[in-house]
Amino acid sequence: MDNAQVTDTLEEIALLLELSGENPFKALAYTKAARAIDGYDGDLEALVAEKKLGSEFGLGDALQQKVTELVTTGKLAYLDKLRASVPAGLVAMAEIPALGPKKIRTLHDKLGISSVEELEVACRAGKVRELAGFGAKTEEKILDGIARARTYADQFLYSEALALAEELRDALRNHNEVAQIAIAGGLRRGIELVDVIELVASSRNPKELLDDFVTWTDMKSVTSRDDHFATIILKAGISATLRVVADSEYAFALHEFTGSAEHNAALRELAAAQKKELTGHGLFSIKEGAKKSAARESIPCRTEHEIFAALDLQEIPPELREGRGEIEAAAEHKIPRLIEWTQLRGTFHCHTTASDGRNSLLEMATEARDLGLTYLGIADHSRSSVIANGLSEERLADQVEAIRKLNLDLDEFHVFAGSEVDILKDGSLDFGDDVLRHLDYVVASVHNVMGQDEETMTARLIRAMENEYVTMLGHPSGRRLLQREASRVNFDKIIDCAARTGTWIELNCSASRMDMDWRWWREARDRGVKCVINPDAHRISQFAMLRHGVTAARKGWLRREDVMNTLTLDEIRRALA
DNA sequence: GCCGTTTTCGGCCCGACTGTTTTCAGTCG
């Protein structure tokens with residue numbers, strides 16, 4: 001069993017222990033062990049062999065024995081016993097907000113509920129509100145949570161789906177029978193949530209290619225199959241389609257299946273106005289008055305660029321194909337030159353082991369430098385984020401000093417000392433100006449009381465942005481994709497305030513955030529608001545999300561000059577000063 | 001389950017919100 005599987009298993013044990021009413025601190029011990037191993041990227045088997053689990057992770061006898069069993073045999077008798085004693089439905093119920101282990105146990109013990117379905121029936125019948133400690137509001141919250149979980153069920157995060165899609169594409173690309181192949185659909189457009197992986201390929205032998213596709217290693221089942229098309233469901237749960245066309249049709253198919261539907265409809269309409277017909281098979285000119293048999297004449301296009309050119313349009317990058325004015329802009333040759341991943345020079349808002357990060361200051365800085373960045377901003381949590389081990393004023397001062405010292409040893413690379421300071425309930429900040437003024441920059445973010453009404457939350461964010469030491473607003477909506485809805489925020493006012501105060505707005509590209517949403521960025525840009533793309537990295541591997549942050553920025557029509565962390569080290573120094 | 005040791009037990013990281021109560025349990029971050 002690898003590190004990630006051990007981590008997952010320990011977390012499952014912790015949940016099962018809570019659900020079975022065990023001492024919560026026993027469960028906590030498993031959670032802590034999971035967290036410790038989660039942050040370890042070395043070889044667990046070696047640690048087991050050297051009997052160093054205790055010294056490395058602070059595990060006691062019981063946990064050492066269990067982790068050893070997991071790593072060496074891939075199984076754990078203790079877990080099997082636990083699983084058998086707790087109905088599987090209770091684990092699923094723990095996903096519903098407002099339901100913790102205690103309430104789930106009450107529901108199970110008093111109403112005999114052991115599945116989400118039974119819970120829904122009981123809520124609808126008004127049975128749940130009659131239990132002590134429950135009420136009408138809880139019932140409502142549960143139903144709401146169940147409904148939401150259903151809409152999330154077949155959705156996948158962009159970064160996860162893309163990784164699976166790229167693996168599949170790369171495997172098929174090596175096939176002898178493939179001329180061209182690409183990821184299409186929402187993934188190609190960089191949309192934050194997708195429910196399917198769509199691949200388009202060209203080949204003279206579709207059958208062989210599809211044969212390979214439907215027997216892909218990570219495939220769970222085949223949903224459909226014909227001569228040119230197949231759908232499979234991957235082990236990860238997401239479905240994937242492969243459409244194989246002739247090489248002469250490839251560009252048209254790729255465009256068609258990249259979408260969006262709105263973009264395609266608008267483009268077909270434009271083609272019609274030019275007496276042309278655009279389909280997934282080709283572009284045709286329609287000869288007026290000609291006989292029906294000769295009515296259509298094919299306009300061959302090898303690439304999407306040629307399709308757009310044939311329609312007198314500037315090429316539209318896939319990220320912009322959302323039917324939000326891109327065709328009009330392309331007709332006037334006003335599609336901007338979008339930011340590119342290679343233009344990022346640094347990033348802000350990263351964490352270290354000082355708060356809830358998994359890597360040290362030095363490890364984070366080294367990784368950022370190895371990735372080719374020239375500066376890194378460290379912004380650990382402030383004191384109010386107790387669970388995240390937020391820094392006290394004293395610990396922050398120590399960290400600033402450590403960063404200043406580290407910079408003395410770094411050539412051509414600079415670490416900026418900042419703080420991700422909590423925006424408190426009333427919009428005041430977790431540290432006073434006397435603390436903030438000593439930092440290179442400040443990220444201000446909300447981490448609690450996220451359910452305020454729109455007016456209160458908006459005023460709260462505005463008050464924080466008006467502080468002269470706040471450089472940027474962190475993850476403004478607070479959403480966690482597939483987990484938690486965005487807070488109620490009036491972005492129109494937030495963008496106005498950012499423009500007025502010169503506060504940058506973060507495009508937090510942590511996998512489940514992507515916040516501020518791409519749908520707001522074009523408007524923000526037009527009002528002169530600057531973007532900063534931050535991974536909110538809690539470990540070195542999360543720097544990789546920067547690439548996806550750039551994709552989201554491109555979806556928001558952002559150019560290099562709209563994004564602060566494309567500035568060189570000298571330029572960003574001046575900007576921060 | 002872990003830890004310390006003035007302890008072989010009792011505390012463990014904690015403050016605030018929510019919805020339920022009418023003083024607080026459960027959940028959350």
Side-chain angles (χ1 to χ4, degrees), chain A residues 9-11 13-37 53-70 76 78-79 82 93-110 123 128-145 351 354-356 380-392 395 420-426 428 430 445-453 456-457 460 474-475 478-480 483-485 487 510 512-513 536 538:
Chain A
T9 306
L10 293 176
E11 275 168 2
I13 294 174
L15 177 58
L16 288 168
L17 287 171
E18 284 191 298
L19 287 172
S20 52
E22 259 281 6
N23 179 355
F25 293 104
K26 184 169 169 178
L28 186 64
Y30 280 88
T31 304
K32 278 182 176 171
R35 216 175 288 161
I37 292 172
L53 288 174
S55 56
E56 183 70 34
F57 304 126
L59 305 185
D61 290 342
L63 267 155
Q64 281 183 48
Q65 181 264 316
K66 290 189 175 77
V67 172
T68 300
E69 188 178 336
L70 275 173
L76 184 57
Y78 176 68
L79 173 62
L82 258 181
M93 283 161 67
E95 297 284 313
I96 300 170
L99 280 189
K102 298 266 173 61
K103 283 206 155 78
I104 292 173
R105 277 177 57 77
T106 305
L107 289 165
H108 183 244
D109 295 346
K110 303 280 182 198
C123 282
V128 170
R129 73 180 69 183
E130 290 165 7
L131 294 175
F134 290 74
K137 283 217 170 157
T138 306
E139 216 171 63
E140 209 175 293
K141 266 192 172 179
I142 292 173
L143 284 172
D144 199 49
H351 297 271
S355 66
D356 59 349
D380 270 315
H381 288 283
S382 61
R383 58 188 169 193
S384 284
S385 283
V386 178
I387 285 294
N389 191 24
L391 275 60
S392 63
R395 290 178 60 219
E420 183 183 20
V421 62
D422 267 26
I423 302 175
L424 305 179
K425 191 179 168 183
D426 63 353
S428 63
D430 200 16
S445 313
V446 166
H447 289 110
N448 63 0
V449 200
M450 306 175 97
Q452 291 171 323
D453 62 66
T456 311
M457 180 58 89
R460 177 181 177 186
H475 47 70
R479 76 175 179 190
R480 302 299 299 266
Q483 297 167 43
R484 180 173 77 208
E485 297 296 297
S487 291
S510 163
S512 63
R513 289 194 186 271
D536 200 349
H538 284 70

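A, B, ... follow the sequence lines: proteins, then strands. Residue 1 opens every chain. Just so it is clear, the model here is predicted, and its values are computed rather than measured.
Relative ring orientation between A:H538 and A:H381 is described as tilted, the plane-to-plane angle lying within the 30° to 60° band.
The side chain to side chain contact (heavy atoms under 4.5 Å, CB included) test with A:C123 singles out one residue from A:D144, A:V128, A:L107, and that residue is A:V128.
In this structure, CE of A:M93 is placed 15 Å from C1' of B:dG26, rounded to the nearest angstrom. One can place CD of A:Q65 at 10 Å from P of B:dC2, the figure rounded to the nearest angstrom. A straight line from CG of A:L59 to C1' of B:dC2 spans 10 Å, rounded to a whole angstrom. Between the CZ atom of A:R105 and the C1' atom of B:dT27 there is a distance of 16 Å, rounded to whole Å. Look at NZ on A:K26: it is 10 Å from P on B:dC2, rounded to the nearest Å. One interatomic measurement links the two molecules: CG of A:D422 to P of B:dC28, which rounds to 19 Å at whole-angstrom precision. Taking atom CG of residue A:D109 and atom P of nucleotide B:dG26, one finds them 13 Å apart after rounding to whole Å. At whole-Å resolution of the value, CD in A:E140 and P in B:dG19 are 9 Å apart.
Comparing A:A62 and A:A132 by the nucleotide of DNA chain B whose heavy atom lies nearest to each, the residue mapping closer to the 5' end is A:A62. For the pair A:L63 and A:A98, nearest-nucleotide mapping onto DNA chain B gives the more 5' position to A:L63.
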I'd like a table of donor-acceptor pairs (distance under 3.5 Å, sequence neighbours excluded) in which one partner is a side-chain atom from residues 59-68 of chain A, with atom names and distances.
residue	atom	partner	partner atom	Å
A:Q64	NE2	A:L59	O	3.0
A:Q65	NE2	A:E69	OE1	3.2
A:K66	NZ	A:Y30	OH	3.4
A:T68	OG1	A:Q64	O	2.6

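B:dT6 sits 15 Å from B:dG11 when the C1' atoms are compared, rounded to a whole Å. Here the separation of B:dT23 from B:dT18, taken at their C1' atoms, is 15 Å to the nearest Å. Nucleotides B:dG29 and B:dT22 have their C1' atoms positioned 27 Å apart, rounded to a whole Å. The same atom, P, is picked in B:dG19 and in B:dC13; the two are 29 Å apart, to the nearest Å. A gap of 32 Å separates the C1' atoms of B:dG15 and B:dT8, to the nearest Å. Distance check on atom C1': B:dC17 versus B:dC12 gives 23 Å, rounded to whole Å. Separation of the P atoms belonging to B:dT5 and B:dG1 is 23 Å when rounded to the nearest angstrom. Remark: the separation of the P atoms in B:dA16 and B:dG10 is 29 Å, to the nearest Å.
Across all strands shown, A:R484 has heavy atoms under 4.0 Å from sugar-phosphate atoms exclusively, and none from any base. A:A136 comes within 4.0 angstrom of the backbone, heavy atoms only, and of no base. Within the 4.0 angstrom heavy-atom criterion, only backbone atoms of the sugar-phosphate kind lie near A:D61; the bases stay farther away. Across all strands shown, A:P24 has no heavy atoms under 4.0 Å from either base or sugar-phosphate atoms.
Closest to the A:Y78 side chain, of the nucleotides B:dG1, B:dT27, B:dG29, is B:dG1.
Contact of the A:H351 side chain with the A:E420 side chain is registered, since non-hydrogen atoms from C-beta on lie closer than 4.5 Å.
Applying the 4.0 Å criterion to OP1 and OP2 of B:dG1, one finds that A:K66 has a side-chain N or O inside that range.
Between the side chains of A:S510 and A:D536, no donor-acceptor pair of N or O atoms lies under 3.5 Å.
In this structure, A:S512 contributes its side chain and A:R480 its backbone to no donor-acceptor pair below 3.5 Å. In this structure a side-chain-to-backbone donor-acceptor pair under 3.5 Å is missing from A:R129 to A:E139. Proximity of a side-chain donor or acceptor of A:S385 to a complementary backbone N or O of A:G390 within less than 3.5 Å is not detected. Of the possible donor and acceptor atoms, none in the side chain of A:D380 sits under 3.5 Å from a partner among the backbone N and O of A:D356.
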**Message:** Each nucleotide in nucleotides 13-18 of chain B should get exactly one letter: B, S or -. Can you fill that in based on protein heavy atoms under 4.0 Å?
**Reply:** BB--SS
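The partner of B:dA16 is B:dT27, by the rule that a Watson-Crick or G-U pair needs both atom distances under 3.5 Å.
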